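Only heavy atoms go into these numbers, but all of them, side chains included; no hydrogens, no water, no symmetry mates. Numbered from 1 within each chain, the chains take letters A, B, ... in sequence-line order. Quick caveat: nothing in here was measured; it's all calculated off a predicted structure.
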Amino acid sequence: MAHTESPEPITDTLRSAIAAALVGFELDGAPAASEQVHLERPANVDHGDLSTNVALALAKRNGRNPRELALELAEALRSAGIAHVETVEVAGPGFVNFHLAPSWLHTVLRTVVLAGGDYGRSNVGAGRRVLVEFVSANPTGPVHAGHARGAAYGDALARLLEFSGHAVGREFYINDRGVQMQTFAASLTARAEGREPPEGGYHGAYITDWAASMPRDEDPLEWGYAHALGEQRRVLGALNVEFDHWFSEREMVDTGAIDVTLADLRARGVVDERDGAVWLRSTEFGDDKDRVLVKSDGEYTYLLPDIAYHRDKFARGWELLVDVWGADHHGYVPRMKAAVEALGHDPGDLEVVITQLVRLERDGVEVKISKRSGDLVTLEELIEEVGPDAVRLTYLLQSVDSPQTVDLDLVVSQSNENPVFYVQMANARLNSINRVAAERGLERVALDAADLSLLDHDRELAVLRSLEVLPETVELAARERAPHKITTWVRELAGAVHGFYHDCPILSPDTPEDLRNARWWLAEAARTGLRVGLDILGVSAPESM
RNA sequence: GCCCCCGUAGCUCAGCUGGACAGAGCGUGGGACUUCUAAUCCCGUGGUCGCAGGUUCGAAUCCUGCCGGGGGCGCCA
């Protein structure tokens, strides 16, 4: 059994076999390609390892009894003699269930080990150039616990898309123009002079701290800007988030990009002048009202530079723009999409992911995140207390569609309520096997020399089942822009690993050598799976804890 | 008033293009370490999937309407 090429996934084999079998039935609406055959993994083990509902789906429109059709299909599949398939049964209203021999999972093990860190990598993105813009916090203060959700999400999404064959860029848009900069500077100045910040200014304690370290001869706006930006870059870096490009709004003024954009819109005939202002007729592109681009006092609104920025992104060759915005900006989506379309692009080439708000609690009491009031939980504080891995994983536990409640006491407590330790522990245990083996002078035989057929323990198979599902999980997570699905998968794999570790000793003298080798390779495959999953999330896993 | 997100176990949340008795962690009750890390594992506890209709052979999942929570609807950013 010395073959080093990766075998075809069983799901592909089965889909092809089903599609082929269906050809003989001459059914209306039958899947034209094997990819269209619906396969699922029954929750109930009695229903087999894989199952298809094609008989149910096709019965009605063909005037057939679903169970009969299923029975005939099952018979055809039985006589086809598919590798690893032990039994083909019909159950319920017309499901065709496949019970597979453990050998199918042994091929999974081989596939994982051979692929290593590339297990689950795909080219579904076909090299599409995708620019992910995220965080983009104003340069008027530190990155706080609310921004961190977008930071963890955006970076994980970028990694996920890269792993799925996209050419990805990460960008941070700096709103370094506008009234908030003036307000920020005025607040710094006030604190530096021992006064209260002005009405509507920034009252956070950090303003006082920053003002204290601001040299007298510095321009507060420029110094504050540089300081805020430096802090943001530093803290995001500590979270393992690095941007390819920090894009300055100011630079667009300097380069004339904003005026060029306005001229472009004018040339496209989508701009009006009314009441002394310049308007984008965004209602023609699905917005619910037209939007002002240049105010009657001659100043740009925030919208125009944003449009210029998106125009620039496309001009730089990005094919798909993914913007990650907080829920408080969701009302802005239609006008941005309208603007993109007004510029002659497909509005579908701008995707805006809205991350719902993070609610922070301490002792069950909400902690407000407000830069202006000053009750601020900074990202830096969180990282200092638990480290970047726990912070990232915490934010990546759930869908960004859901409002998230983060209990700071739990995150900070390093208790086993924090899943990061559960996952890292699984990794540490696997690594300890290698470490202890090395101490004892034990060596593992080559993969092709290992008898993987010895792996038939439920715990062993559970690990392999989990690994088997990674490639499709990655594909789904990428398609849905949902990195939290990787988190869920990693937690499941870690659970399987702990069970395996507990019940299937590898280095014990009671474990026969053949079994030891097979399990050892299983541990290796599991280690690989954890590494791949955690890499996508940007979470590291120490070899020991 | 209009728009977006959410409403699943005591708590925090998963649940793929609708599938076969609804899952995890925490909490709670009880067990398991002379053996590769017990930050682990096992057993038990716990749910009218907000409510009401509809589509379907089949709905937590899709559609409609309510109810509840959050966030938006500026010549602010």
Side-chain angles (χ1 to χ4, degrees), chain A residues 38 40-44 46-47 51 53 56-57 59-60 66 91-95 97 138 140 175 177-181 183 274-279 288-289 291-297 299-303 305-306 326-334 354-357 359 364 397-407 410 414-419 421-422 424-426 428-437 439-440 442 459 469 472-473 475-477 479-480 482 484-485 487-488 491-492 495 497-499 501-511 516 519-520 523 544-545:
Chain A
H38 184 81
E40 55 193 74
R41 287 158 225 281
N44 185 335
D46 294 337
H47 297 150
S51 175
N53 66 348
L56 284 165
K60 187 167 189 183
F95 292 103
N97 297 337
N138 284 340
T140 56
N175 274 278
R177 287 180 63 253
V179 292
Q180 83 278 359
M181 296 302 290
T183 307
R274 303 200 292 268
D275 309 323
V278 180
W279 297 72
D288 56 357
K289 59 180 74 167
R291 304 293 169 179
V292 172
L293 298 175
V294 183
K295 295 187 270 184
S296 50
D297 64 4
E299 286 289 314
Y300 302 140
T301 60
Y302 58 90
L303 182 58
D306 278 4
D328 51 343
H329 288 83
H330 93 263
Y332 191 50
V333 175
I354 298 298
T355 67
Q356 295 301 314
L357 299 185
R359 176 189 155 96
L397 281 174
Q398 62 188 262
S399 164
V400 289
D401 286 341
S402 306
Q404 183 174 33
T405 303
V406 173
D407 187 326
L410 289 185
Q414 302 212 14
S415 74
N416 53 4
E417 288 189 48
N418 194 325
F421 300 111
Y422 185 80
Q424 291 185 334
M425 177 69 176
R429 287 178 134 185
L430 293 173
N431 279 292
S432 81
I433 293 166
N434 292 337
R435 189 172 55 244
V436 171
E439 286 166 8
R440 296 184 190 172
L442 293 170
R459 298 294 208 171
V469 138
E472 63 195 66
T473 303
E475 194 174 327
L476 181 69
R479 190 167 63 236
E480 297 191 350
H484 78 278
K485 288 179 187 290
T487 313
T488 301
R491 296 173 72 185
E492 284 169 359
V497 164
H498 282 303
Y501 185 90
H502 188 269
D503 288 352
C504 301
I506 294 175
L507 302 179
S508 163
D510 296 335
T511 304
R516 183 180 77 208
R519 284 179 173 172
W520 202 343
S544 64
M545 294 180 72

Decide yes or no, distance alone: a donor-acceptor N/O pair under 3.5 angstrom between the base of B/C3 and the side-chain of A/H330.
yes
What distance separates A/Q404 CD from A/Q398 CD, expressed to the nearest 0.5 Å?
4.0 Å
Would you indicate, yes or no, if B/U37 has its OP1 or OP2 atom less than 4.0 angstrom from a side-chain nitrogen or oxygen of A/S544?
no
Choose from B/G71, B/C41, B/C36 the nucleotide whose nearest atom is closest to any side-chain atom of A/P505.
B/C36
Between A/Q180 (side chain) and A/N175 (backbone), is there a donor-acceptor pair under 3.5 Å?
yes
NA contact type, A/A43, heavy-atom cut-off 4.0 Å: base, sugar-phosphate, or nothing?
nothing
Looking only at atom types and distance, does a side-chain atom of A/R440 sit under 3.5 Å from a main-chain N or O of A/L507, one as donor and one as acceptor?
yes
Using a cut-off of 4.0 Å on non-hydrogen atoms, how would the nucleic acid contact of A/R359 be classed: base, sugar-phosphate, or nothing?
nothing
Look up atom OG1 in A/T511 and atom CH2 in A/W520, then write down how far apart they are to the nearest 0.5 Å.
12.0 Å
Within the 4.0 Å heavy-atom criterion, would you say A/E299 contacts the bases, only the backbone, or no part of the nucleic acid?
nothing
Taking the minimum atom-to-atom distance to the side chain of A/A327, which one of B/U12, B/C42, B/G71 wins?
B/G71
Does the pair A/E475/A/K485 count as a salt bridge with the N-to-O cut at 4.0 Å?
no
Which pairs, protein N/O on one side and nucleotides 74-76 of chain B N/O on the other, fall under 3.5 Å?
from, atom 1, to, atom 2, distance (Å)
B/G74, OP2, A/K289, NZ, 3.3
B/C75, O2, A/S296, N, 2.8
B/C75, O2, A/S296, OG, 2.9
B/C75, N3, A/S296, OG, 3.4
B/C75, N4, A/D275, O, 3.2
B/C76, OP2, A/K295, NZ, 2.6

When you check the side-chain N and O atoms of A/Y332 and A/D306, is any donor under 3.5 Å from an acceptor?
yes
Answer yes or no: side-chain N or O of A/N53 and base N or O of B/G19 forming a donor-acceptor pair under 3.5 Å.
yes
List every contact pair, protein side and nucleotides 14-16 of chain B side both N or O, where the distance is under 3.5 Å.
from, atom 1, to, atom 2, distance (Å)
B/A14, OP1, A/S399, N, 2.9
B/A14, O2', A/T488, OG1, 3.4
B/G15, OP1, A/H484, NE2, 3.2
B/G15, OP1, A/K485, NZ, 2.8

Select one nucleotide: of B/G69, B/C41, B/A77, the one nearest the side-chain heavy atoms of A/N138.
B/A77
Under 4.0 Å between a side-chain N or O of A/Y501 and OP1 or OP2 of B/U37?
yes
Is the backbone N or O of A/P505 less than 3.5 Å from a side-chain atom of A/R519, with the two atoms forming a donor-acceptor pair by type?
yes
Mind checking if A/H498 touches a base, just sugar-phosphate, or nothing, with heavy atoms under 4.0 Å?
sugar-phosphate
Regarding A/L357, tell me which of base, sugar-phosphate or nothing describes its non-hydrogen contacts under 4.0 Å with the strands shown.
sugar-phosphate
Secondary structure of RNA chain B per the Watson-Crick/G-U criterion (both distances under 3.5 Å; [ ] crossing, | other strand, . unpaired) is (((((((..((((.....[...))))((((((.......))))))....(((((..]....))))))))))))....
Rounded distance in Å between the C1' positions of B/G50 and B/A60
12 Å
With the six-membered base ring of B/G72 as reference, does the ring of A/Y332 sit under 5.5 Å away with planes under 30° apart?
no
Of the listed nucleotides B/G19, B/U17, B/C41, the one nearest the side chain of A/H38
B/U17
Is there a donor-acceptor pair under 3.5 Å between the side chain of A/S399 and the backbone N or O of A/D401?
yes
Among B/A20, B/U35, B/A77, which is the nearest nucleotide to the side chain of A/N175?
B/A77
Of A/P509 and A/H329, whose closest RNA chain B nucleotide lies nearer the 5' terminus?
A/P509
Measuring from atom CG of A/D510 to atom CZ of A/R516, what distance do you get when rounded to the nearest 0.5 angstrom?
12.5 Å
A/I506 has a side chain; which of B/C36, B/C6, B/A20 sits nearest to it?
B/C36
Closest of B/A20, B/U35, B/C6 to the A/D401 side chain is B/C6
Using a 4.0 Å heavy-atom cut-off, does A/N97 contact any base of the nucleic acid, only the sugar-phosphate backbone, or nothing at all?
base
